[in-house]
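Accompanying notes for the structure given below.
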Amino acid sequence: MPQYDIIIFGATSFVGQITARYLFEHLGNSSEVRWAIAGRSASKLAQLKEAINAPNLDTLIADAADEQQLKTLCESTKVVVSTVGPYALFGELLVKTCVTSGTDYCDLTGEVQWIAKMLSRYEQIAKITGARIVNCCGFDSIPSDMGVYFLQQQAKLQFAKTCESVHMRVAKMKGAASGGTVASMTNIFKEVASDKQLRKVLSNPYAICPEDYAYKVRQNSLQRPQYDPLFTAWTAPFIMAGINTRIVLRTNTLLNEPYSQQFTYDEAMLTGQGLLGGSKAYGIGAGLAGFAMAAMLPPTRWLMESTILPKPGDGPSLQQQQQGHYDLRFIGITASGEKITTKVTGDQDPGYGSTAKILSQAALCLALDISKKDKSGGFWTPASIFAEHLLTRLQQHAGLTFEVIDD
């Protein structure tokens, strides 16, 4: 039997520290859950233990590039939680080691191209060894994936059927990006600039769906500002839609299309009504397009990284994290026209304060709630493996709400 239930790998990263702090505060000195922190620097791990006032917390030394150290790490735990990104640069060896050792794994990646690569290389092996790999267990993409899952369960209760189309809009969001998140984003643009084939992967809404899935339905990407009559407001592109929509579509296929064979899903940001709402939408659209263009070109990418973008290890303060929040609205429509509206909210900064709580509860769910008899080895999405177990945990322990609201 493994020594630990959970090991946080990359615990001294920005989000790793927040996660370790939350998990210690959540679990206290409970002996029911055995967990530890891991990283490549013994001194930084010791500093983290002191900072969160956890002197008895176990630590393990492991480098993302050392396969033997990672093998020892994986063999000592049920679940590895990885906060080491960009995952396309530093994540593959750990996934490989978890898969070959049969160890469960969850992470925070939002890198579609990397997930697609991991699927092609390791999914079949994971099915044999029993390793459950669950990507995107933070703000991207649990509020979206679990939000759609919740809406569909409510639709079945109200209409005795699921919704054929679901539309998510970010109504409110307050939070700041860390250097690690920015590094992951700029790395994606760097990869695309050097490999044109990646553009096809990133533009394909079914890029991480099973290879034998019959792709029949055209998805609306909402990449441009536009007026949305369904929400009676202007919308701007949502930067996380590229990963969230892929995860939701994969959930539908992994569960044998319980939503619908004709299921469609899209995401955008609400910017308001009238001239002001339209101006905000076009401003956000122009800003995102400008960032993407600058990140694609080496000289401007270097200039941004050197002058204006946060460095890896930098991020919002504790006060900023606690002052952050988000409010996501979902409208689902059945094939016969019935409509249901739901809301998902989070009580802290989406990418860090809230993500740390979400990730921790996902890891606990994987370690304690989901047996390998119930869900076997393979690459899962959050909703397809966690379902009601995680909905309960998120509402009881992570500051999220899921509710049906009036239209």
### Task
Have a look at Arg250 and tell me which of Ile115, Asp145, Leu119 forms a side chain to side chain contact (heavy atoms under 4.5 Å, CB included) with it.
Leu119
### Query
Quick one: do the Ser384 and Thr251 side chains pair a donor with an acceptor below 3.5 Å?
no
### Query
Have Asn244 and Ser144 got a donor and an acceptor in their side chains that come within less than 3.5 Å?
yes
### Query
When rounded to the nearest 0.5 angstrom, what distance separates CG in Leu48 from OG1 in Thr59?
10.0 Å
### Query
So, are Lys357 and Asp347 salt-bridged, with charged N and O less than 4.0 Å apart?
yes
### Message
So if I apply the side chain to side chain contact (heavy atoms under 4.5 Å, CB included) rule between Thr264 and each of Thr245, Asn220, Leu249, Val217, which one comes out positive?
### Response
Val217
### Query
Does the side chain of Gln273 pick up a donor-acceptor pair with the side chain of Tyr227 at under 3.5 Å?
no
### Message
Filter on salt bridge (Lys or Arg N to Asp or Glu O under 4.0 Å), then keep only pairs touching residues 255-282, sequence neighbours left out; what's left?
### Response
Arg169-Asp266
### Query
Does any donor atom in the side chain of Asp58 or Tyr4 lie under 3.5 Å from an acceptor atom in the other side chain?
yes
### Summary
Of His26, His397, His389, the one forming a side chain to side chain donor-acceptor pair (under 3.5 Å) with Gln361 is His26
### Query
When you check the gap from the basic side-chain N to the acidic O, do Arg40 and Asp66 get nearer than 4.0 Å?
no
### Task
Could you walk me through whether Leu23 and Ile8 pass the side chain to side chain contact (heavy atoms under 4.5 Å, CB included) test, one step at a time?
CA-CA 10 Å; Leu23 198 56; Ile8 302 175; 4.0 Å; yes
### Query
Aromatic rings Phe330 and Tyr265: how do their planes relate, parallel, tilted or perpendicular, breaks at 30° and 60°?
parallel
### Message
Please determine whether a side-chain nitrogen of the Lys or Arg among Asp104 and Lys78 lies less than 4.0 Å from a carboxylate oxygen of the Asp or Glu.
### Response
no
### Message
Angle between ring planes, Trp35 versus Phe24, binned at 30° and 60°: parallel, tilted or perpendicular?
### Response
tilted
### Presence of salt bridge, Glu92 and Lys117, under 4.0 angstrom
no
### Task
Return yes if a side-chain donor-acceptor contact under 3.5 Å exists between Thr401 and Thr345, otherwise no.
yes
### Message
Looking at Lys372 and Asp374, is any side-chain nitrogen of the basic one under 4.0 Å from a carboxylate oxygen of the acidic one?
### Response
no
